Amino acid sequence: MASYRPTLILDSPSLIYRAFFALPPNITNPKGRPVNAVQGYCHMLAYLLSNRHPRGVVNTFDADWRPAFRVAAYADYKSNGEDEPAELTPQLTMIEDVLSAAGLPVATAAGFEADDVIGTYAARATDEEPIEIVSADRDLLQLVRDPAVALLFTDRGVTELHRFDEQTVLHTYGITAQRYADFAILRGDPSDGLPGVKGVGDKAAVRLVTEYPSIDAMIAAGDAHQARLASALANGVAYLEAMKTVVPVCTTCSIEKSPAHAPDVDRLRTLGREYGMQGAINRLIAALSQAAAAAV
């Protein structure tokens, strides 16, 4: 597969939060304002460009981190989420400025999360134009589809990526990638305020997903389940119905994407001086130059 050069689709909120919490807040610009997330994200981009040699890179962002349609289905969706750290908010604008100067596209979809933008790119991916998703969100395993879509899971930043294809998902979780959303519905995700079905653990979830073709089929089986499991599913019907809207990633978003273009090196260097992070910006400039040369 020497010609295999996928486009990287970055879960930017996930990566930016990783950078923000991994690097100390005393990394500041000349005015004393934190730029740790900006610096970390620049290093991530440079590393990915230099080491993955992608066909292209798309940075996806949330237009709405808590979409109305998901909240309407389940009011507690992400209700346990903390407010964005005050030190991070201004850095998002800085990152957008860097991406604009670098000519690296930014993609969003009105009313949707970055996950949904990624899902739409995944649905469009083909064997001839594959993608690799870079994220720390396991819910995106539901999008894995050989050979068009793989997930590069960020175990420790982007320098240690665990690549999931269909076989890796099956080996790791005992279910197919196509059924990962049903597995996630059953087990829940506390970080998103989703408790899962009480009384259904990981092993039971795997068994249910393996034995039944859908959530509806699990519910319909009723007393065919062992008594405790039958009771858990019966008590969780309303939750399960809501999760069929909340957990699956949208694959039909109307994406708004900035155009890719040659980097504005002078502008990048100016930003590097303004942000007091010339080293990170110079590394990004070098990676962009290397990527451009490889594309010729």
Side-chain angles (χ1 to χ4, degrees), residues 1-20 22-23 27 35-61 91-92 94-108 114 117-118 121-122 125 128-137 140 148-164 255 257-273 275 277-296:
M1 296 183 65
S3 61
Y4 178 74
R5 287 187 65 211
T7 296
L8 292 182
I9 308 296
L10 308 186
D11 181 358
S12 298
S14 170
L15 298 179
I16 291 168
Y17 266 75
R18 281 274 175 126
F20 178 78
L23 297 176
I27 298 175
V35 292
N36 53 333
V38 188
Q39 179 170 296
Y41 197 64
C42 285
H43 281 307
M44 288 178 178
L45 287 169
Y47 183 88
L48 291 169
L49 287 166
S50 298
N51 290 273
R52 304 299 304 190
H53 310 295
R55 182 191 304 263
V57 174
V58 178
N59 304 267
T60 69
F61 283 83
Q91 294 191 62
L92 299 178
M94 297 180 192
I95 290 171
E96 290 173 4
D97 287 344
V98 169
L99 294 175
S100 176
L104 297 174
V106 169
T108 60
V117 178
I118 294 169
Y121 274 109
E128 293 74 28
E129 295 187 0
I131 68 168
E132 288 183 332
I133 301 161
V134 184
S135 177
D137 186 351
L140 297 176
V149 183
L151 173 67
L152 303 179
F153 188 79
T154 58
D155 287 320
R156 292 184 62 185
V158 298
T159 59
E160 294 184 23
L161 296 169
H162 186 183
R163 188 178 189 277
F164 282 91
I255 294 175
K257 180 173 76 74
S258 61
H261 59 78
D264 184 338
V265 174
D266 289 340
R267 175 61 178 158
L268 283 171
R269 287 181 174 145
T270 297
L271 291 173
R273 290 190 295 272
Y275 300 161
M277 42 182 279
Q278 290 96 324
I281 290 293
N282 286 338
R283 185 183 178 194
L284 178 58
I285 290 170
L288 289 165
S289 176
Q290 180 183 345
V296 175

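This structure is a prediction, so every number in the text was calculated from the model and none was measured. Worth knowing before you read on, the calculation uses all heavy atoms, side chains too, and leaves out hydrogens, waters and symmetry mates.
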With sequence neighbours excluded, tell me which residues meet side chain to side chain contact (heavy atoms under 4.5 Å, CB included) with Pro54.
Leu8, Leu49, Arg52, Val57
For Arg55, enumerate each residue passing the salt bridge (charged side-chain N to carboxylate O under 4.0 Å, His left out) test, keeping only those at least two apart in sequence or located in another chain.
none
Applying salt bridge (Lys or Arg N to Asp or Glu O under 4.0 Å) as the test, list every pair that has at least one member in residues 35-44; sequence neighbours left out.
none
Could you tell me which residues satisfy side chain to side chain contact (heavy atoms under 4.5 Å, CB included) with Ala19, sequence neighbours excluded, listed by chain and number?
Met44
Pairing residues for Thr7 by the side-chain hydrogen bond (donor to acceptor under 3.5 Å, both in side chains) criterion, not counting sequence neighbours:
none
Can you sort out the partners of Arg267 under salt bridge (charged side-chain N to carboxylate O under 4.0 Å, His left out), two or more places apart, ordered by chain and number?
none
With His261 via ring-ring contact (aromatic ring centres under 6.0 Å, His included) - residues at least two apart
none
Taken in chain and number order and not counting sequence neighbours, the residues that satisfy ring-ring contact (aromatic ring centres under 6.0 Å, His included) with Tyr41 are none
Quick one: side-chain hydrogen bond (donor to acceptor under 3.5 Å, both in side chains) partners of Arg163, sequence neighbours excluded?
Tyr4, Glu132
Any residue meeting side chain to side chain contact (heavy atoms under 4.5 Å, CB included) with Asp97, in chain and number order, not counting sequence neighbours:
Thr93, Leu271, Tyr275
Per-pair distances, 0.1 Å, donor-acceptor, side chain in residues 283-294, under 3.5 Å, sequence neighbours excluded:
residue, atom, partner, partner atom, Å
Arg283, NH1, His43, ND1, 3.0

Quick one: side chain to side chain contact (heavy atoms under 4.5 Å, CB included) partners of Ser100, sequence neighbours excluded?
none
